[in-house]
Amino acid sequence: MHGRHARHTPRPRPHARGRTTGRLRRRLLAYREVDFQDTHLPEAPSGKASEECLLLVHVRQIVGRVHYRMCERCARAVITGISIDERFRTTGLGTRALSHLRSRHPGVTWRNRAPGRTTRDLVRRMCIPTADDAAPCPHTA
C-alpha cells in the first residue's frame with residue numbers, strides 16, 4: 001500500500017479532444033475536398049462591371065459563395081458578399097477563397113462592401129480595405 005496515494009491517473013477529457021479532432025477534420029476537409037467554381041451572373045447594364053460569384057463546392061453541394069464585381073479597365077474589384085456554411089466557418093475556407101481570388105486575378109485592387117461582422121473580420125485579416133476608404137471605380141458602383 002506504500003506509495004499508492006502518490007499515483008496520478010489522468011482522466012480523459014472527451015469534450016476537449018472531440019472538439020479539437022472535429023475542427024482538425026473539418027479544416028483538412030476544407031483544404032482537400034472543397035473545389036472553387038467561377039460563375040458569371042447575368043450581365044449588368046452596358047458600361048458596368050458584371051456580378052461574379054466564386055462557388056465553394058464540396059461533393060456536389062455548395063458550402064459557400066463569394067460575390068464580387070470586377071472592372072478589367074480599372075483593375076479594381078469589390079467584394080459584395082461572402083457566405084460560408086456554419087460547419088466550415090472556422091476552417092480557414094474563407095481565407096483560402098479570398099487568396100484564390102487574388103491569385104486568379106493578379107494586379108487587381110480589392111475592396112470590400114460586404115456587410116456582416118464575420119465578413120468584416122475575415123476581410124480585415126486579409127488586409128482588404130472597405131470600399132469607403134478610396135475613390136470607387138465608376139464601373140463597379
Are M126 and W110 joined in one hydrophobic group, where the rule is that I, L, V, M, F, W and Y side chains link up if heavy atoms are under 4.5 Å apart?
yes
Side-chain heavy-atom pair M70, V108 within 4.5 angstrom cut-off
yes
For R76 and R111: C-alpha separation, side-chain torsions, deciding distance, then whether side chain to side chain contact (heavy atoms under 4.5 Å, CB included) applies.
CA-CA 8 Å; R76 293 183 187 176; R111 301 273 183 230; over 6 Å; no
Show every donor-acceptor pair shorter than 3.5 Å between a side-chain atom in residues 92-99 and any protein atom, with sequence neighbours excluded, or say none if there are none.
unit_1, atom_1, unit_2, atom_2, d
R96, NH1, A30, O, 2.7
R96, NH1, V34, O, 3.4
S99, OG, T95, O, 2.9

Residue pair R89 / R87, side-chain heavy-atom distance below 4.5 Å
no
Report the C-alpha distance between H67 and E52 in whole Å, list the side-chain angles of each, state the deciding distance to 0.1 Å, and finish with yes or no for side chain to side chain contact (heavy atoms under 4.5 Å, CB included).
CA-CA 6 Å; H67 292 272; E52 298 187 40; over 6 Å; no
Pairwise side-chain contact, I84 with V63, heavy-atom cut-off 4.5 Å (strictly under):
no
For R102 and I128, work out which heavy atoms get closest and say how close.
NH2-CG1, 3.2 Å
Side chains of L56 and F36: does their closest heavy-atom pair fall under 4.5 Å?
yes
Could you tell me the separation between the CG atom of D85 and the CD1 atom of I62, rounded to the nearest 0.5 Å?
9.5 Å
Could you go through the side chain to side chain contact (heavy atoms under 4.5 Å, CB included) check for L54 and H100 one step at a time?
CA-CA 9 Å; L54 179 69; H100 176 81; 3.9 Å; yes
Might you work through the side chain to side chain contact (heavy atoms under 4.5 Å, CB included) test for R113 and Y68, ending with a clear yes or no?
CA-CA 9 Å; R113 194 182 299 151; Y68 61 98; over 6 Å; no
Rounded at 0.5 Å granularity, tell me how far CZ in R65 sits from CD in Q37.
13.0 Å
Check: A114 main-chain N/O paired with T80 side-chain donor or acceptor under 3.5 Å
no
